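To start, the structure under review is shown below, and the notes come after it.
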Protein chains: 2
Amino acid sequence: MDPNKRIVDALRSSGYKATPQRVAIAQTVLRSKNHPSAETIHEEVLRLHPTVSLSTVYNTLHILREMNFLNELTFNGTTRYDPNISLHINMICLHCGKIIDVEEPSLEESINKIAERKGFKITGQRVDIYGVCKPCQKHENSVGL
Amino acid sequence: MDPNKRIVDALRSSGYKATPQRVAIAQTVLRSKNHPSAETIHEEVLRLHPTVSLSTVYNTLHILREMNFLNELTFNGTTRYDPNISLHINMICLHCGKIIDVEEPSLEESINKIAERKGFKITGQRVDIYGVCKPCQKHENSVGL
DNA sequence: GTACATGCAAATTGTTTGCAAGTAT
DNA sequence: ATACTTGCAAACAATTTGCATGTAC
């Protein structure tokens with residue numbers, strides 16, 4: 001299906017108007033692979049829609065989160081947006097800043113079991129590992145953290 | 001051992017001066033059970049040391065984090081401090097804001113295994129579940145989110 | 001046509017910083 | 001004695017908000 005139409009339909013059926021700005025922002029973030037910040041998404045969207053404001057970006061990102069189309073990862077002061085909503089591990093390198101997603105189905109199962117035991121209704125989750133990635137370990141001392 | 005002395009010793013052996021402010025702040029946060037914010041810790045400390053400033057609180061909290069005495073959990077705009085540094089699950093109720101720690105030793109093992117496989121050197125981690133806790137589910141509709 | 005969305009600028013919030021005065025060692 | 005800390009106020013950065021104008025339905 002046309003991904004454009006998919007987003008338009010989703011917005012409408014959640015009661016939001018499908019403005020060109022929203023569709024462009026949604027396209028950008030849902031297609032992203034590098035956990036962009038709001039600012040990064042804004043810059044990207046500006047290339048096609050030069051007048052879109054940062055507040056519209058924030059507004060749309062909040063709508064998309066509410067629609068469960070993405071996760072927010074606040075980390076080191078700013079929020080990064082992750083279109084991968086499956087339960088996965090964010091392996092965050094404190095040296096180069098890269099975030100690598102690691103899929104791990106067994107985690108989901110064990111977390112669901114724990115929540116169920118406590119009678120907790122899950123709406124979202126986040127699993128982060130902080131540290132130093134393999135490539136960075138080689139030249140860890142050459143570039144100050 | 002006198003917990004006071006333990007903190008004093010730890011600060012000194014990390015090269016920091018053991019000022020009364022730092023000791024008071026450390027006592028407060030390390031003893032806390034409710035994942036306080038910097039502001040909350042500040043208010044608490046003010047009861048005994050009425051002149052301590054918020055920046056000293058932040059400064060001390062950063063030192064304690066560096067010494068691995070606590071974890072920082074940034075969530076919904078503010079940072080909460082957690083003296084529980086073992087790998088556990090933060091079960092966060094979006095309704096009442098309470099954070100419940102759930103110990104889960106098996107998680108640690110599986111996360112370590114994943115990191116090892118990727119050659120990733122772990123320095124910290126964070127596992128959050130967001131949702132609605134049992135007590136809140138009863139009156140979920142009576143109190144707006 | 002109208003209720004909702006946009007885009008700008010100003011406001012807000014949590015946190016950090018610069019620096020003179022104070023204090024732990 | 002002196003290098004490190006404190007506490008205040010001002011600075012900062014990310015995000016949010018108010019409102020006049022514009023637009024999707």
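Keep in mind that what you see is a predicted model, and the values were worked out from it rather than measured. Chain letters run A, B, ... following the sequence lines, proteins first and then strands; every chain starts at 1.
Along DNA chain C, the nucleotide closest to B:T74 and the one closest to A:N59 are compared, and the more 5′ of them pairs with A:N59.
With A:Q137 contributing its side chain and A:V132 its backbone, the two residues share a donor-acceptor pair below 3.5 Å. Checked by atom type and distance alone, the side chain of B:T56 never pairs as donor or acceptor with a backbone atom of B:V52 at under 3.5 Å.
Ion pairing between B:D128 and B:R126 holds under the 4.0 Å rule for side-chain N and carboxylate O.
Within 6.0 Å of the CD atom in B:E103, the count of heavy atoms belonging to other residues, nucleotides or ligands exceeds 12. Within 6.0 Å of the CD atom in B:E43, the count of heavy atoms belonging to other residues, nucleotides or ligands exceeds 12. At most 12 heavy atoms of other shown residues, nucleotides or ligands fall within 6.0 angstrom of atom CD in A:E109.
Tested against B:M91 for a side-chain contact (heavy atoms from CB on, under 4.5 Å), the candidates B:D101, B:I99, B:V102 yield a single pass: B:V102.
Residue A:S55 is in base contact, counting any heavy-atom pair closer than 4.0 Å across all strands shown.
Residues A:P36 and A:R80 form no side-chain contact, since every pair of their non-hydrogen atoms from C-beta on lies 4.5 Å or further apart. Taking 4.5 Å as the limit, every side-chain heavy atom of A:K17 sits out of range of all side-chain heavy atoms of A:L11.
Remark: B:H62 is in phosphate contact with C:dT16, judged by side-chain N or O atoms under 4.0 Å from OP1 or OP2. For C:dA24, neither phosphate oxygen OP1 nor OP2 lies less than 4.0 angstrom from any side-chain nitrogen or oxygen of B:T19.
Atom NE2 in B:H49 sits about 14 Å away from atom C1' in C:dT23, given to the nearest Å. In this structure, the CG atom of B:L11 is 14 Å from the P atom of C:dA24, given to the nearest Å. In this structure, B:K17 places its NZ atom 6 Å from C1' of C:dT25, rounding to the nearest Å. Put simply, CG on A:L64 is 13 Å from P on C:dA5, counting in whole angstrom units. The OH-P distance, from A:Y16 to C:dA3, rounds to 18 Å in whole Å. Rounded to whole angstrom, the span from the CG atom of B:D9 across to the P atom of C:dT25 amounts to 11 Å.
Within residues 20-48 of chain A, the residues that have a heavy atom under 4.0 Å from DNA chain C are, in order of number, A:Q21, A:R22.
Between chain A and DNA chain D, the heavy-atom contact criterion of under 4.0 Å yields a 5' to 3' nucleotide range of D:dA14 to D:dC25.
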